[in-house]
Amino acid sequence: MYAQMVDTGVKSLKHRSEMSADEQAFMARIDNESKIEPQDWMPDAYRKTLVRQISQHAHSEIIGMQPEGNWLTRAPTIKRKLQLAAKIQDECGHGQYLYSAAETLGVGRDQLLDQLHTGKAKYSSIFNYPTLNWADMGAVGWLVDGAAIVNQVVLQRTSYGPYSRAMIRICKEESFHQRQGYEILLTMMQKGTPAQKDMVQDAINRFWWPSLMMFGPNDDASTNSAQSLAWKIKRKSNDELRQMFIDQTVPQLEVLGCTAPDPDLQWNPETGHYDFGEIDWSEFFNVIKGNGPCNKQRLEKKVKAHENGTWVRDAAQAYATKQQAGAATKKEAS
Amino acid sequence: MTQLLTSINNDHDALNTYILRMADNGLILGQRLCEWCANAPVLEEETALMNTSLDLFGQARNWLNYAVDRDQRLQDCDAIAMLRDERSYLNLLICEQDNGHFADTMARHYLFDVWHRLTLEELCHSHDETIAAIAAKSVLEVRYHEQRSRNWVLRLGDGTQLSHERMQTAINNIWPYVAEMFDQDQLEMELMAQGIAADQTIIAKQWHDLVAQTLIEATLKTPPESYNQMGGKQGLHTESLGIMLAEMQSLYRAHPGATW
């Protein structure tokens with residue numbers, strides 16, 4: 001998943017005794033693990049939180065096409081170009097399913113895109129970092145898609161039916177992307193020249209911390225997280241997911257023969273997990289606020305593509321209207 | 001590298017030249033479509049443009065593999081794609097023309113797609129079995145390309161006043177690159193006589209009928225005959241190609257001999 005700090009609009013968790021009968025029935029369904037479907041009653045705050053989370057995820061998929069598109073025209077071989085084009089196409093498809101899932105909550109794609117274009121809606125902070133060498137295509141697949149999968153695998157059990165089903169479909173493709181990304185890096189490390197190996201380490205150095213930030217702030221800094229967990233929109237906390245990601249990623253890093261830019265990263269036999277250094281949260285909040293290295297360019301490019309396409313969408317609409325009118329006239333005549 | 005270029009430029013292997021012409025159309029148009037990434041007017045078109053580009057690169061790889069099988073001096077597909085300069089590229093000029101706006105891209109696409117589909121259908125009957133097999137696989141994809149680009153010619157031609165004007169201008173601008181598709185040089189005539197290459201005289205007639213019909217339906221005018229630009233199939237290109245190749249080949253060329 002590519003959603004961070006999704007606002008639930010809730011200051012503190014309600015006790016059952018404070019809930020209306022509808023809310024109590026709703027929470028009973030959540031507790032029984034039955035899925036909430038579009039036609040079901042749901043608290044407004046639950047609906048709004050889902051719209052924010054699903055649309056933030058959708059926007060991330062769409063903006064995420066840009067850092068990869070940056071290398072598409074320069075992919076070093078035909079095979080790599082085919083893989084990258086297929087991955088970008090999958091991401092665009094994920095955006096499409098997710099906008100459809102959000103539409104089941106009563107908000108249209110145009111409205112959601114408008115929120116993105118005007119800066120009201122966010123997308124994952126990770127896509128505001130630049131891709132500066134070819135190994136970044138591997139690092140994005142391995143670390144960024146890898147972090148997303150850790151979240152998404154859990155979200156297959158999320159309480160909202162359409163979101164859960166979209167996740168099941170998306171997970172299959174994402175895990176393929178992750179393996180492909182890792183294979184790009186492994187090829188460069190095992191068969192590459194010294195220059196290629198340097199590219200891999202450089203890519204890991206730049207993407208390591210931003211990938212850890214993808215899980216969002218620490219649990220103790222997030223009241224939204226607690227409400228989302230109670231609604232089972234989220235199934236595990238930010239810190240739990242981050243730890244899962246680190247634990248599964250470090251052995252893969254060792255196979256590559258690379259290092260993480262974290263001197264405190266080490267196995268802790270007592271906890272059975274890797275310990276790691278403090279994340280630079282000032283950097284995270286700065287990127288979220290819009291001050292990351294590429295925030296401005298990413299959004300400008302998206303808005304420009306949308307504006308440049310207005311006349312095309314208008315034409316398609318006008319043509320469809322004419323065709324419908326033509327069909328209606330034919331029907332009347334017959 | 002020198003050997004690679006020599007073998008392509010001074011080759012007496014007419015069949016490989018013909019195969020490379022087919023391969024280069026896919027590589028070059030596929031590369032142009034990559035340039036649309038994250039710039040399309042709607043999400044569905046992002047997917048469609050990427051998908052079409054993927055198809056064309058996949059087809060190009062099949063053609064290139066066949067060329068390499070026939071002539072080991074060509075090394076491998078990537079060397080052929082990444083180490084040739086514009087004078088050794090043999091694609092049709094229409095494929096390398098700039099994307100422009102969406103109408104320019106779709107006009108270029110449709111006029112090429114109709115030719116591509118008709119040519120591949122002919123090549124399905126080629127006496128060369130590998131050519132027939134590659135054509136049979138490719139034509140299934142290209143039929144969709146044609147359907148989609150035709151739909152956009154109709155939508156934009158008969159959409160709004162603005163889209164109509166843009167599509168008409170796009171058709172007019174790309175028209176000088178049409179005749180080259182049907183222009184058969186000595187090499188193609190000989191391969192055609194052997195039952196290997198497609199007969200472009202038959203294709204030209206079908207193409208003009210189909211395109212004229214689409215343009216009428218799209219409320220567009222067929223441009224008057226004018227001077228035609230030729231030379232792509234012989235390695236004489238427009239200036240657009242060199243810049244595009246410089247970008248496409250930059251990483252591969254910066255690391256000679258590297259494995260990716």
Side-chain angles (χ1 to χ4, degrees), chain A residues 62-82 84-93 95-96 99 109 113 133-134 184 187-188 190-193 195-196 199 298 301-302 304-306 308-323, chain B residues 27 30-51 53-54 57-58 60-61 64 76-78 81-82 101-103 106 151-152 154-164 166-167 218 244 247-260:
Chain A
I62 301 305
I63 296 289
M65 294 167 69
Q66 292 187 32
E68 292 182 320
N70 183 38
W71 281 92
L72 183 60
T73 54
R74 293 175 288 169
T77 65
I78 297 176
K79 176 180 146 188
R80 293 300 184 200
K81 195 187 290 279
L82 287 167
L84 189 58
K87 181 175 192 282
I88 295 172
Q89 190 193 310
D90 285 347
E91 274 148 13
C92 186
Q96 286 171 248
Y99 285 125
R109 193 207 282 185
L113 282 173
N133 75 43
W134 171 255
I184 288 176
T187 305
M188 290 171 80
Q190 292 184 341
K191 300 180 183 165
T193 61
Q196 286 175 295
M199 280 183 209
R298 298 283 188 246
K301 180 165 174 152
K302 178 74 189 74
K304 193 173 161 211
H306 187 76
N308 286 344
T310 305
W311 69 275
V312 176
R313 295 188 300 276
D314 289 348
Q317 188 60 54
Y319 179 76
T321 308
K322 283 184 203 178
Q323 292 298 105
Chain B
L27 280 179
Q31 178 71 9
R32 276 281 177 246
L33 295 180
C34 283
E35 294 170 4
W36 267 102
C37 181
N39 290 305
V42 283
L43 287 183
E44 285 72 10
E45 282 309 305
E46 287 287 0
T47 319
L49 286 159
M50 267 314 97
N51 206 0
S53 172
L54 264 174
F57 270 102
R61 186 163 65 166
L64 290 174
D76 60 58
C77 292
D78 296 321
M82 300 297 184
H101 53 52
F102 197 66
M106 283 302 145
N151 279 335
W152 275 113
L154 296 178
R155 285 191 197 116
L156 298 179
D158 193 18
T160 61
Q161 182 62 30
L162 177 65
S163 72
H164 174 84
R166 288 188 172 170
M167 184 45 93
M244 178 180 160
E247 183 178 2
M248 179 171 104
Q249 300 174 335
S250 58
L251 184 57
Y252 185 94
R253 287 188 184 233
H255 301 270
T259 301
W260 300 96

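Since we're looking at a predicted model, the values are computed, not measured. Letters A, B, ... mirror the listed sequences (proteins, then strands); counts begin at 1.
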## Note on the structure
When the 4.5 angstrom heavy-atom criterion is applied to B:Met82 and chain A, the contacting part is side chain
### Message
Which atoms of B:Leu49 are under 4.5 Å from chain A, going by heavy atoms: the side chain, the backbone, both sets, or neither?
### Response
neither
### Message
So does B:Thr259 get a backbone contact from the side chain of A:Gln196, meaning a donor-acceptor N/O pair under 3.5 Å?
### Response
yes
### Contact class of B:Ala103 relative to chain A, heavy atoms under 4.5 angstrom
both
### Query
Is chain A contacted by the side chain of B:Ala258, its backbone, both, or neither, given a heavy-atom distance below 4.5 Å?
both
### A:Arg74 versus chain B, the contacting section by heavy-atom distance below 4.5 Å
both
### Query
Can you check whether A:Ile78's main-chain N or O pairs, donor with acceptor, with B:Asp78's side chain at less than 3.5 Å?
yes
### Task
Report yes if the side chains of B:Leu156 and A:Trp311 come closer than 4.5 Å at any heavy-atom pair, otherwise no.
yes
### Message
So does A:Ala315 get a backbone contact from the side chain of B:Arg155, meaning a donor-acceptor N/O pair under 3.5 Å?
### Response
no
### Query
Quick check: does any side chain N or O of A:Lys322 sit under 3.5 Å from a backbone N or O of B:Gly159, one acting as donor and the other as acceptor?
yes
### Query
Of the backbone (N, CA, C, O) and the side chain (C-beta and beyond), which part of A:Ala195 lies under 4.5 Å from a heavy atom of chain B, both, or neither?
side chain
### Message
Using a 3.5 Å distance criterion without hydrogens, assess whether the side chain of A:Arg80 forms a donor-acceptor pair with backbone atoms of B:Trp260.
### Response
yes
### Message
If I measure from the heavy atoms of chain A, does B:Glu45 come under 4.5 Å with its side chain, its backbone, both, or neither?
### Response
neither
### Message
With a 4.5 angstrom heavy-atom cut-off, is it the side chain or the backbone of A:Ile62 that approaches chain B, or both, or neither?
### Response
side chain
